Amino acid sequence: MRVGANVIWVALGVAGLAACVAVPFYGSGYAMSMAINLLMFATLATAWAMFSGPSGYVSLATVAFFGIGAYTVAVLGEALPWPVVLACAALFCALSALLVGLATLRLRGVYFVIFTFGLAELMRQVIIWYEANIGGSVGRYVFLDITQSQIVWQLTALVAGVFLTGWLISRSRLGRALRMIGDDETVAQHCGVNTTLVKLVVFAISAAFIGLVGAIVAPRWTYIDPNIAFNPVLSFQVLIMALLGGANRLHGPILGVIPMVLLFEYLSANFPNHFSILLGLTFMAIVYLVPKGIVGLTAKLGAARRPKPMPSTAPATGEEAAR
Amino acid sequence: MSRPILHIDRLKRSFGGLIAVNEVAFDVAEGEIVGLLGPNGSGKTTVMNLISGALKPDHGTIRLDGVDLVGLSPHRITRHGAARTFQLVRVLGSMSCLENVISGLAFGREPMVGARARDVAMALLERVGMAAFADTESGELTYINQKRLELARALAARPRLLLLDEWLAGLNPTEMYEGVDLLHSLREEGMTMVLVEHVMDAIRSLCDRCVVMNAGVKIAEGPPEAALADPAVVRAYLGDDGA
């Protein structure tokens, strides 16, 4: 990528983070809740695209990891110091991603999509069953001394962390291996890539970030039950945001997050009874109209304006620039 | 004959009731070029897939430089030194040609990254006559150029054994001449190769030895002229009346 464009994106990112940190000082309650939504989906969509973008494995298990994170807080929140609770949430999610990955990452295409969707539903049903039959009550209260402002700051730090991690992966051999898998898994294997290991590692990292989001926003609810924590709509929302922005670039998903969070806000405020229908129509419109995402759209416009580059002006590769 | 680098013995693989490769055995010496011939469906590509690890044999031995490859996954086999091209050409379509070759370098037998990988990748592209296409998206290449790129990517893994599955198929006479020349130059550097080929002129010019298969079984082995004149081979290609 051109250096100038990178500088602009980094500058925008830093400005965005600074604005998020400042919201609790200047913003209203409504602004705080919008900021939490934006930061939450920005982290989720970027973490989702970290694995699913380059590899082409479309996961609908987002809410499974999100829910595990939230439930870690509900169960351990009062027993352990907060940083330990967060570490547990990340660890549980990474471990379950490894387990699930071992079983499912051999599946390709639509089979993987369906399995991950089923997994999230399975988690929800298992926890409902456990809470009703063994726990004694389906819901749990989350009484923690964590303010909205603290949630905003934690999410700001997390979104910075997910971008940094994504950037580091994309410039490493790990990121190259994942892109090779997305292009042609057989070729990747025959080039010497341990495809199973690569997929597992990135899937687990992505799941850990998703779980951390679930853990950080859990105190906001006060009360959670499996239908809230494992609501499958979340997986689809994250998917469509990442696709709208463009899942193949690090900064892509966030370009989809901003318009979609605003749209969801508008729809749920004004058409609460038709939200699902309108959501479905939005999904269809996006898949038909911007199949390559906003990133793809701007690249196309840019290419149309620029003259064809000469073959000799080779862009620097990731590994090289990282040295 | 120098020491065998590839040793295959009692190799068998069936798909349901069809025995695609049936008790096949042959050796390949270091620096040798062996042609794997036979009518369509005789099991040549299956043998290639068994060597490269894309398929697992039912039983048998495949030893490359003393190490048993049976049961190893393809990436381990590549890192041990067997690189391949595919019968239906496969490139990493979202990457430029240079990136394709760098990807081959990054995980091969002597992994390398960074500026050195770029230089080596560029040299490999030059080697196969693709230097001008370094920044072209590999998905946009013509079929022939994708084949050249695949060869460069396979060479990037620094193989001890190169498996070429119909690499010369579909080339016009000029390209064929260049392709054969390129393979000759690799052989002069001591590269060991197993080729699946149908182009007889190329086989005669390149191969030290041929292994001919029919219906999963090895029916002949020897220098090209002798192997192709074998009555069993003539019968396999032309039927009983031909022999």
Side-chain angles (χ1 to χ4, degrees), chain A residues 1-2 53-56 105-106 168-200 246-249 252 292-293 295-296 299-300 303 306 308-323, chain B residues 48-49 52-54 73-86 88-119 121-122 131-139 150 153-154 156-159 163:
Chain A
M1 198 193 295
R2 286 154 300 141
S55 74
L105 285 171
R106 293 169 203 284
L168 289 174
I169 289 179
S170 73
R171 331 215 107 207
S172 69
R173 282 169 83 225
L174 191 62
R176 173 181 293 281
L178 205 61
R179 287 194 296 277
M180 289 166 75
I181 290 169
D183 270 2
D184 188 327
E185 194 154 350
T186 306
V187 168
Q189 283 172 339
H190 284 94
C191 282
V193 175
N194 186 345
T195 51
T196 310
L197 183 71
V198 166
K199 286 184 289 181
L200 278 179
N248 280 321
R249 286 290 176 77
K292 288 194 167 174
V295 168
K300 212 160 105 187
R306 263 198 314 277
K308 277 231 167 224
M310 295 301 287
S312 58
T313 55
T317 64
E319 287 101 327
E320 189 182 336
R323 288 187 143 217
Chain B
M48 297 295 246
N49 283 336
S52 77
S73 43
H75 74 269
R76 288 198 180 279
I77 292 175
T78 304
R79 286 179 197 179
H80 184 61
R84 71 173 294 177
T85 65
F86 293 88
L88 298 170
V89 69
R90 302 179 93 135
V91 294
L92 301 168
S94 79
M95 301 185 192
S96 70
C97 292
L98 189 65
E99 287 289 313
N100 261 266
V101 183
I102 291 175
S103 294
L105 286 166
F107 302 93
R109 196 151 68 90
E110 294 161 21
M112 61 174 85
V113 293
R116 186 155 156 259
R118 281 179 63 86
D119 292 345
M122 207 56 216
F133 295 94
D135 295 324
T136 309
E137 293 277 312
S138 64
E150 242 198 336
R153 192 185 63 214
R158 304 261 141 181
L163 305 167

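Given the structure is predicted, the values throughout are model-derived calculations rather than measurements. Reminder, nothing fancy here: chain letters follow the sequence lines and each chain counts from 1.
Counting heavy-atom pairs closer than 4.5 Å to chain B, the top-ranked of the candidates N194(A), T196(A), N248(A) is N194(A). The candidate with the highest count of non-hydrogen atom pairs below 4.5 Å against chain A, out of R153(B), H80(B), R76(B), is R153(B).
A cation-pi geometry, defined here as NZ or CZ lying under 6.0 Å from the six-membered ring centre and within 45° of its normal, does not hold between R79(B) and F107(B).
For the residue pair T195(A) and H75(B), no side-chain donor N or O sits within less than 3.5 Å of a side-chain acceptor on the partner.
In terms of the salt bridge (Lys or Arg N to Asp or Glu O under 4.0 Å) criterion, residue partners of R90(B) (sequence neighbours excluded) are, by chain and number, D184(A).
The contact between F86(B) and chain A is made entirely by side chain atoms (from C-beta outward), counting heavy-atom distances below 4.5 Å. Of the atoms belonging to A54(B), heavy atoms from both backbone and side chain fall under 4.5 Å from chain A.
Pairs of residues two or more places apart, or lying in two chains, that qualify as side chain to side chain donor-acceptor pair (under 3.5 Å) and include a residue from residues 103-114 of chain B are R176(A)-S103(B).
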